[in-house]
Number of protein chains: 2
Amino acid sequence: MLKRERQAYIVQQVNLHNKVLSTALSSEIDVSEDTIRRDLQELSEKGKLIKVHGGALSHSFHDITYPSKKVYAQDSKKIIAEKAVKFIKEGMFVLTSGGTTIIELARALPVTLSATFISGSIPAVVEYMHHPNLEVIVIGDKLSKNSKITVGADALARINTLKPDLCFLGINAIHPQHGVTDSDWDVVQLKQAMVETSQKVVCLTISEKINSIQPLHICGLDKIDILITELPNNHPALQPYVAAGITVM
Amino acid sequence: MLKRERQAYIVQQVNLHNKVLSTALSSEIDVSEDTIRRDLQELSEKGKLIKVHGGALSHSFHDITYPSKKVYAQDSKKIIAEKAVKFIKEGMFVLTSGGTTIIELARALPVTLSATFISGSIPAVVEYMHHPNLEVIVIGDKLSKNSKITVGADALARINTLKPDLCFLGINAIHPQHGVTDSDWDVVQLKQAMVETSQKVVCLTISEKINSIQPLHICGLDKIDILITELPNNHPALQPYVAAGITVM
DNA sequence: GCAGGTTTTGCAGGTTTTTGCACATAATGT
DNA sequence: ACATTATGTGCAAAAACCTGCAAAACCTGC
């Protein structure tokens with residue numbers, strides 16, 4: 001068995017079973033454990049797996065550190081949420097993406113508000129669910145583990161059947177020339193569909209992400225109606241967006 | 001079981017239940033208590049949990065006031081979950097309803113299990129989402145506030161396109177003559193569809209609900225393959241179901 | 001084709017990690 | 001206060017690891 005072939009097999013096994021033992025691989029492939037160890041070493045350096053004493057684990061194992069994580073820049077996101085809430089009127093149909101900023105928005109919704117909120121983001125849905133007067137529509141499909149949002153053809157098709165009044169987008173990068181960009185293929189698809197189908201698009205982002213670029217393009221600035229950051233709207237960094245005709249808050 | 005794997009499991013358990021006992025972990029994972037103690041020691045140094053006499057506590061336990069949401073008859077439900085888990089095999093497609101018994105099932109899933117779980121229950125989806133190796137499919141539609149499950153024509157249609165290997169139903173009433181019944185119209189629709197489309201139907205319920213009736217009919221006993229309660233399977237109350245050809249656990 | 005260099009692999013050895021056990025000590029409960 | 005249970009420490013055996021080395025397989029340029 002060729003080295004490359006062997007390593008491909010190991011990666012396959014890790015992805016399949018989420019763990020492999022050096023001893024098991026050694027006898028399966030019939031090479032010495034030293035060789036397996038060297039393979040694991042290399043694959044680990046390439047980021048294909050996580051090497052541990054006795055074998056290796058899939059990457060999905062490492063990132064189990066959930067609920068009590070502090071949200072990055074939470075204070076800024078609270079300010080953004082306060083501003084964003086003002087755009088929501090009684091009875092509106094509101095489509096939202098995922099992300100921690102959107103969660104803050106959900107928490108900032110006045111209890112008396114009655115409106116219909118639509119989302120494929122599970123954390124967002126959980127927040128909406130606890131609100132007494134919201135109608136909640138869940139967009140179903142395969143759940144993406146890292147973004148905690150449903151992605152796929154079903155979700156896309158469902159979004160395209162909607163004509164929401166308002167769309168809140170938590171975004172990861174916006175730039176005067178390159179528009180809104182992101183790094184996750186599936187998420188980009190969804191956000192594009194959301195932007196296209198909504199009457200009004202509101203982008204939420206902390207100022208840190210302003211004037212930054214990610215590899216995948218979502219839409220140009222012309223599609224954005226409102227941009228909300230934690231900065232005052234006369235801040236110099238925001239002027240290019242005002243000039244582009246966006247309402248900046 | 002690898003050390004790292006074991007520690008990941010411990011962290012998961014701590015985050016899930018907010019506390020773990022050294023003794024319990026020792027017998028669950030089948031290593032000596034000394035090893036568990038050393039693990040807790042290390043994890044505590046890494047700040048993943050708080051080590052205390054007898055076990056460990058979640059960090060969030062210390063931060064926030066624990067919203068001691070006690071589930072009714074939780075111990076029984078844990079027993080049920082333990083029994084139910086045994087039916088799930090690697091790679092299966094599993095459809096589940098909602099309800100607290102299903103949540104316990106989700107928490108009892110072994111960390112190494114990789115399978116595809118499908119549900120419209122938001123609390124269930126949240127549990128599945130935290131599991132490192134599950135594929136999760138969310139069934140979308142309007143969210144019913146009191147059952148926290150998506151209901152409607154979309155959800156029904158989606159369920160009917162599936163052919164899952166296994167279906168877990170948390171049920172509210174079962175009776176030798178009247179079969180499985182429930183009280184919520186929308187939920188009944190969903191459960192009917194789930195029963196019809198699944199290869200194998202497993203009903204989970206605490207013994208209290210055995211031999212009781214609710215106003216809406218879901219299905220007859222003939223559609224049920226397996227019934228799981230917290231009672232031993234030779235308990236007299238269960239005999240009518242054994243007689244009906246159901247595998248009782 | 002073939003000399004010279006590189007890559008891959010197994011092996012020997014010495015080192016480190018992991019784990020369970022024994023025993024003394026501290027915490028807990030009745 | 002006393003029995004029970006949990007803890008920490010030291011120890012030893014097994015398992016896994018790392019390092020260097022040498023043989024084999026392989027590329028490469030002439």
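Every chain is numbered from 1, with letters handed out A, B, ... down the list of sequences. What you see below is based on every heavy atom in this structure, not just the backbone, and it leaves out hydrogens, waters and symmetry mates.
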Subject >> Of B:L166, B:L162, B:I118, B:I137, the residue whose pairing with B:F93 passes side chain to side chain contact (heavy atoms under 4.5 Å, CB included) >> reply: B:I118
Original post:
Within this structure, what is the CD1-to-P distance between B:I29 and C:dT18, rounded to whole angstrom?
Top reply: 15 Å
Original post:
Can you check the B:L25 CG to D:dA6 C1' distance for me, whole Å?
Top reply: 14 Å
Original post:
Could you run down nucleotides 5-16 of chain C 5' to 3' and tag each one B, S or - for protein heavy-atom contact under 4.0 Å?
Top reply: ---SBBBB----
Original post:
Between B:Y241 and B:I224, is any pair of side-chain heavy atoms under 4.5 Å apart?
Top reply: no
Subject >> Pairing nucleotide - C:dC11, Watson-Crick or G-U, each distance under 3.5 Å >> reply: D:dG20
Subject >> Closest contact, heavy atoms only, A:E33 versus A:S22 >> reply: CG-O, 4.3 Å
**OP:** For B:Q41 and D:dA6, give me the distance from atom CD to atom P, rounded to whole Å.
**Re:** 17 Å
**OP:** Consider only side-chain N and O atoms of A:T23 and A:S26, and report whether a donor and an acceptor are under 3.5 Å apart.
**Re:** no
Original post:
Just one of A:K3, A:R37, A:K51 clears the salt bridge (charged side-chain N to carboxylate O under 4.0 Å, His left out) bar with A:E42, so which one?
Top reply: A:K3
**OP:** List the atom of B:I102, the atom of B:S97, and the distance in Å for their closest heavy-atom pair.
**Re:** CG2-O, 3.5 Å
Subject >> Nearest-angstrom distance from the residue atom CZ of A:R37 to P of D:dA15 >> reply: 13 Å
